[in-house]
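Order of the sequence lines sets the chain letters (A, B, ...), proteins ahead of strands, with each chain counted from 1.
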2 protein chains.
Amino acid sequence: MERPAHDHLDALNTVRGGMPQDELLCDLADLFKIFGDTTRMKILFSLFEAELCVHEITALLGMTQSAISHQLKVLKDAHLIDSRREGKTMIYFLADDHVRSIIGQGYEHITEEDKPHEEDL
Amino acid sequence: MERPAHDHLDALNTVRGGMPQDELLCDLADLFKIFGDTTRMKILFSLFEAELCVHEITALLGMTQSAISHQLKVLKDAHLIDSRREGKTMIYFLADDHVRSIIGQGYEHITEEDKPHEEDL
DNA sequence: ATAATATATGAATAAAGAATCATATGAAAG
DNA sequence: CTTTCATATGATTCTTTATTCATATATTAT
């Protein structure tokens with residue numbers, strides 16, 4: 001019987017060390033989950049360019065006001081965007097620049113992606 | 001009637017310029033969707049430390065082999081991980097370093113996050 | 001060939017989540 | 001204080017998706 005090319009016990013121990021706590025992993029997944037929706041992605045990209053009120057976003061995305069409000073709430077609860085009131089209207093804006101850099105990294109992966117990936121259907 | 005503090009037409013035009021194509025936004029959302037699951041996040045963190053075979057990952061996460069295989073497929077289809085065969089076992093490993101940097105950005109957002117966020121329940 | 005081990009996969013189930021509809025809240029104007 | 005404009009929210013519906021179960025494929029050993 002040959003020694004396995006791959007040392008199981010060793011690998012497992014190495015890995016357990018670097019693994020963050022379950023709660024942190026869960027929080028991380030929850031954060032990315034928020035970027036994982038086209039509507040929210042569009043909202044965020046919109047706010048990259050300018051502060052916007054709800055009905056502007058609604059018009060831009062061509063969706064119902066309710067759908068937009070629901071997603072704005074999701075984004076706000078995650079501290080990715082924030083809002084202030086201006087008379088009757090609510091102005092939404094990016095909470096901080098992490099949003100830009102997170103999306104930026106994803107953007108790079110998708111575009112740069114060494115291009116030999118047309119086999120994906 | 002006062003001029004609105006917020007110039008709607010102007011804002012909308014500014015924004016339409018910087019908005020990527022629908023398909024790209026969709027691809028981006030799909031990419032982040034993949035990070036938006038605890039199981040997949042754990043698999044990726046595991047592979048940060050070492051190349052691993054399926055049953056090692058299964059053991060590490062304490063889940064069924066089937067569940068792991070299904071998620072490995074998702075990750076592989078997205079070109080986030082890749083695999084090679086070594087005898088009977090399949091060894092999985094990170095496809096490139098984008099994975100690390102994308103997760104890294106998210107990690108920062110969660111940890112750095114100026115800390116005044118205990119009101120979230 | 002057959003058995004044993006390692007992994008993959010299809011179908012079904014169950015749970016999460018996005019959009020819709022109807023309605024509620026909140027600010028300002030008449 | 002009633003109406004109007006802007007936004008928020010609860011409940012329901014429909015879709016997506018993660019896991020499980022059973023089974024299929026692939027590699028090696030007997």
Side-chain angles (χ1 to χ4, degrees), chain A residues 1-8 11-12 25-26 29-44 47 51-78 81-93, chain B residues 1-8 11-12 25-26 29-44 47 51-78 81-93:
Chain A
M1 173 193 172
E2 329 173 28
R3 227 182 40 76
H6 192 68
D7 186 338
H8 294 263
L12 288 185
L25 289 168
C26 212
D30 284 344
L31 173 64
F32 284 115
K33 208 170 290 181
I34 294 182
F35 292 98
D37 175 83
T38 310
T39 300
R40 288 191 292 265
M41 191 58 73
K42 285 182 187 170
I43 293 176
L44 291 174
L47 298 180
E51 301 186 339
L52 296 169
C53 70
V54 176
H55 92 262
E56 283 170 335
I57 301 175
T58 300
L60 265 168
L61 303 204
M63 300 179 59
T64 66
Q65 176 264 314
S66 180
I68 299 298
S69 273
H70 278 295
Q71 298 305 343
L72 285 171
K73 178 168 168 49
V74 173
L75 290 167
K76 191 171 177 182
D77 286 351
I81 65 176
D82 209 338
S83 63
R84 68 167 180 280
R85 182 173 281 284
E86 236 170 62
K88 278 182 283 192
T89 88
M90 293 292 281
I91 310 286
Y92 281 88
F93 49 91
Chain B
M1 174 193 174
E2 329 173 25
R3 226 179 42 75
H6 191 64
D7 186 336
H8 293 265
L12 288 185
L25 290 167
C26 212
D30 284 345
L31 173 65
F32 284 115
K33 209 171 289 182
I34 294 181
F35 294 97
D37 175 82
T38 310
T39 300
R40 287 191 291 265
M41 190 58 73
K42 285 181 188 171
I43 293 177
L44 291 174
L47 298 179
E51 303 186 338
L52 296 170
C53 71
V54 177
H55 93 260
E56 283 169 333
I57 301 175
T58 299
L60 265 167
L61 305 203
M63 300 179 59
T64 67
Q65 176 263 314
S66 180
I68 298 298
S69 272
H70 277 295
Q71 296 306 342
L72 285 171
K73 179 170 170 46
V74 173
L75 290 167
K76 192 173 177 181
D77 287 350
I81 65 176
D82 208 338
S83 64
R84 70 168 179 278
R85 182 174 282 282
E86 236 171 62
K88 278 181 284 193
T89 88
M90 293 292 281
I91 310 287
Y92 282 89
F93 49 91

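- Remark: P of D/dT17 and CG of B/L75 are 14 Å apart, rounded to the nearest angstrom.
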Annotated protein contacts, base or backbone, on nucleotides 2-14 of chain D with a non-hydrogen cut-off under 4.0 Å, one of B, S, - each: ---BSBBBB----
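- Axis angle across the helix from C/dA1-D/dT30 to C/dG30-D/dC1, with five pairs used at each end and values rounded to 10°: 10°.
- Legend: residues meeting side-chain hydrogen bond (donor to acceptor under 3.5 Å, both in side chains) with A/K88, ordered by chain and number and at least two apart, are absent.
- Remark: A/A59 engages no residue in a side chain to side chain contact (heavy atoms under 4.5 Å, CB included) (not counting sequence neighbours).
- For B/D30, the salt bridge (charged side-chain N to carboxylate O under 4.0 Å, His left out) partners two or more places apart in sequence, or in a different chain, are B/K33.
- Here the closest non-hydrogen pair linking B/L47 and B/Y92 is CD2-O, 3.5 Å.
- For DNA chain D, the residues of residues 30-39 of chain B within the heavy-atom distance limit of 4.0 Å (strictly under) are B/K33, B/D37, B/T39, sorted by number.
- Not counting sequence neighbours, the partners of A/S83 by the side-chain hydrogen bond (donor to acceptor under 3.5 Å, both in side chains) test are A/K76.
- Residue pairs meeting the salt bridge (charged side-chain N to carboxylate O under 4.0 Å, His left out) criterion with at least one partner in residues 57-75 of chain A, sequence neighbours excluded, are A/K73-A/D77.
- In terms of phosphate contacts, A/Q71 brings no side-chain nitrogen or oxygen within less than 4.0 Å of OP1 or OP2 of C/dG17.
- With sequence neighbours excluded, the residues satisfying ring pair (Phe, Tyr, Trp, His ring centres under 6.0 Å) with A/F35 are B/F32.
- Atoms CG (A/L61) and P (C/dA19) sit 10 Å apart, rounded to a whole Å.
- We find that CE of A/M63 is positioned 12 Å from P of C/dC21, with the value rounded to whole Å.
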Pair A/M63-A/Q71, side-chain contact (heavy atoms from CB on, under 4.5 Å): steps then yes or no: CA-CA 11 Å; A/M63 300 179 59; A/Q71 298 305 343; over 6 Å; no
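- Residues forming a side-chain hydrogen bond (donor to acceptor under 3.5 Å, both in side chains) with B/T39 (at least two apart in sequence, or on another chain): none.
- The side-chain hydrogen bond (donor to acceptor under 3.5 Å, both in side chains) check on B/S69 picks up B/Q65, with sequence neighbours excluded.
- For the pair A/I68 CD1 and C/dC21 P, the interatomic distance rounds to 15 Å; values are reported in whole Å.
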Intermediate values then yes/no, side-chain contact (heavy atoms from CB on, under 4.5 Å), A/L60 and A/L52: CA-CA 10 Å; A/L60 265 168; A/L52 296 169; 3.8 Å; yes
